[in-house]
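What follows is a single structure, written as structure tokens, with notes after it.
Within every chain, numbering begins at 1; the chains are lettered A, B, ... in the order of the sequence lines, protein sequences first and strands thereafter.
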Amino acid sequence: MKLKKQKKGMVLILSLAVLFVFVVMPMLFVRIESKKSQFPKTIGQTQLALLETYQKSEKALFYIDHAAKYSARQALSDLDFTIEDLKDSDSKKVFEFTFKQYLDEYLKAYPEVGIPLGNYDILIQDDKIIGIANRHMITKEEAITYSIKPSFTVSIK
Amino acid sequence: MIKNKKGFFMSLVIDMWGWFIFFLGILFWLFIFMALSKGITYEIQEKTAYLSDDSILLAYLRTPVTEKENIADLIVTAYRGANKEKLKEELNKILNQVYGRAKPVCWKLWYYEKDSKKLLVEEECGSEKNELFNAETIMPLPYNMEDKAIKIKLVILGYK
């Protein structure tokens with residue numbers, strides 16, 4: 001029984017040495033080599049891309065705000081409505097339909113980001129038109145994906 | 001003194017072989033890593049990158065001028081060919097408040113027509129040119145105009 005136990009101890013150092021030299025070290029070598037080849041970016045490149053993504057989205061939001069303002073004005077002008085007329089639910093429906101058509105035409109023309117079309121629920125409060133976005137607008141820059149719901153509020157006076 | 005002498009010496013020999021292989025192996029890998037690390041440098045190289053001022057331009061465009069109008073509206077009016085002086089006056093107010101020190105700043109506002117850049121309004125420069133601001137964005141135009149949107153570019157060229 002004792003002899004058997006000692007036999008186990010006899011091979012321990014040898015097997016550990018073989019394991020370390022022929023398995024652990026090659027694995028370490030392969031891992032280091034793969035890390036070395038996966039560092040193509042310069043320091044700060046990702047952070048810069050992140051800031052650019054925010055800017056790109058902010059520019060699209062500015063465009064949407066102004067496009068909504070012009071679409072609302074054009075829809076009111078086409079229908080010969082004032083903001084007061086929109087209190088009537090039928091007039092509001094007609095206005096919403098026309099407004100959305102104009103807005104989508106504007107949004108289609110924006111070249112930098114794909115702004116989702118047919119994306120808004122419209123709410124009219126006093127002299128304000130509020131567009132509540134249903135889907136996100138997605139901006140991609142390198143490995144960064146930024147998504148935001150492009151809702152808007154425009155004042156019609 | 002020593003019980004199980006046979007077992008003791010057997011394990012000593014195998015242990016020694018184990019340590020020997022371990023030592024040789026470590027030595028081998030040390031040389032491998034030394035040879036490979038020769039070409040690796042960890043020097044951080046200087047690299048300059050610029051972030052555009054586009055989001056600051058958006059803040060200027062959103063700045064209200066009257067109760068109904070902001071700078072973006074004045075740009076549309078000027079693009080239509082009217083009231084360029086008003087746009088010049090309001091942009092001067094904003095830009096001098098932010099960038100002007102002892103001297104007022106000079107700047108140019110362009111719009112793009114297809115690929116060519118056309119001057120919309122400018123504040124003329126003196127001799128001191130040192131670019132302080134450079135940004136561009138796309139803004140929509142009222143529906144009754146021919147184009148749906150224009151790209152504009154604002155550059156502060158220096159001081160007057």
Side-chain angles (χ1 to χ4, degrees), chain A residues 2-3 5-18 20-22 24-26 28-29 32-33 36 42-45 47-49 51-52 54-71 73-75 77-78 102 105-112 155 157, chain B residues 3-4 6-8 10-30 32-33 36-37 39-40 44-47 49-59 61-62 67-68 70 72-73 76 135-145 147-149 151:
Chain A
K2 264 187 183 175
L3 192 68
K5 271 183 191 170
Q6 275 180 344
K7 269 185 187 169
K8 265 188 188 173
M10 273 160 27
V11 291
L12 187 66
I13 292 289
L14 185 65
S15 47
L16 278 179
V18 169
F20 190 81
V21 172
F22 295 104
V24 177
M25 290 303 278
L28 188 70
F29 176 77
I32 288 173
E33 277 299 294
K36 201 173 74 180
T42 53
I43 290 170
Q45 195 178 335
Q47 288 78 358
L48 201 69
L51 292 172
E52 274 168 3
Y54 287 146
Q55 290 209 128
K56 225 173 173 180
S57 306
E58 198 55 39
K59 282 162 78 174
L61 290 178
F62 169 82
Y63 181 89
I64 292 167
D65 283 348
H66 280 257
K69 186 168 79 178
Y70 294 137
S71 302
R73 282 182 189 168
Q74 190 60 34
S77 154
D78 279 5
Y102 283 127
E105 227 175 294
Y106 272 112
L107 302 186
K108 253 189 263 176
Y110 190 70
E112 290 190 352
S155 176
K157 279 183 183 171
Chain B
K3 287 178 185 174
N4 293 324
K6 197 179 167 191
F8 173 80
M10 271 175 76
S11 74
L12 187 71
V13 171
I14 293 170
D15 272 4
M16 277 174 68
W17 270 110
W19 285 113
F20 182 67
I21 290 168
F22 180 73
F23 176 75
L24 275 185
I26 289 288
L27 209 64
F28 168 76
W29 283 109
L30 179 75
I32 292 281
F33 279 111
L36 285 172
S37 67
I40 303 170
I44 296 172
Q45 290 180 340
E46 188 180 304
K47 186 147 187 172
Y50 293 99
L51 181 68
S52 65
D53 302 311
D54 295 353
S55 57
I56 303 170
L57 174 64
L58 297 181
L61 295 178
R62 285 180 173 134
E67 204 182 322
K68 287 182 183 177
N70 57 22
D73 295 321
V76 173
E136 56 185 37
T137 193
I138 296 166
M139 50 186 282
L141 294 170
Y143 195 80
N144 52 16
M145 291 180 78
D147 297 316
K148 287 283 158 293
K151 187 175 180 181

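- Heavy-atom minimum distance, A:Y110 versus B:I138: CE1-CB, 4.0 Å.
- The aromatic rings of A:F29 and B:W29 sit tilted relative to each other, their planes meeting at an angle between 30° and 60°.
- Using a 4.5 Å cut-off between heavy atoms, B:F33 touches chain A through its side chain atoms alone.
- In this structure a side-chain-to-backbone donor-acceptor pair under 3.5 Å is present from A:Y106 to B:Y143.
- The parts of A:E58 that come within reach of chain B are both its backbone and its side chain, each placing non-hydrogen atoms under 4.5 angstrom from that chain.
- B:I26 and A:V21 make their closest contact through N-CG2, 4.4 Å (heavy atoms, listed as atom of the first residue, atom of the second, distance).
- Contacts with chain A were tallied for B:N70, B:L58, B:T137; B:L58 has the most, counting heavy-atom pairs under 4.5 Å.
- The structure places CG of B:L57 at 7.5 Å from CZ of A:F62, a figure rounded to the nearest 0.5 Å.
- When heavy atoms are compared at a cutoff of 4.5 Å, B:D53 approaches chain A solely by way of its backbone atoms N, CA, C and O.
- Minimum interatomic distance between A:Q55 and B:D54 (heavy atoms only, all atoms of both residues): OE1-N, 3.6 Å.
- The most heavy-atom pairs under 4.5 Å with chain A, out of B:K68, B:M16, B:M139, come from B:M139.
- For A:Y63, the parts lying under 4.5 angstrom from a heavy atom of chain B are both the backbone and the side chain.
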Would B:I32 and A:M25 satisfy side-chain contact (heavy atoms from CB on, under 4.5 Å), going step by step from the backbone distance to the final call?
-> CA-CA 11 Å; B:I32 292 281; A:M25 290 303 278; over 6 Å; no
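- Pairing each heavy atom of A:A17 with each of B:G18, the nearest pair is CB-O, 3.2 Å.
- Counting heavy-atom pairs closer than 4.5 Å to chain B, the top residue among A:E105, A:K56, A:E112 is A:E105.
- For the set A:S77, A:A60, A:P26, the entry with the most heavy-atom pairs within less than 4.5 Å of chain B is A:P26.
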Under the side-chain contact (heavy atoms from CB on, under 4.5 Å) criterion, do A:Y70 and B:L141 qualify, and how do the steps go?
-> CA-CA 7 Å; A:Y70 294 137; B:L141 294 170; 5.6 Å; no
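- Looking at every heavy atom in both residues, B:P140 comes nearest to A:A67 through CG-N, 3.5 Å.
- Per-residue counts of heavy-atom pairs under 4.5 Å with chain B were compared for A:R73, A:H66, A:K59; the largest is that of A:K59.
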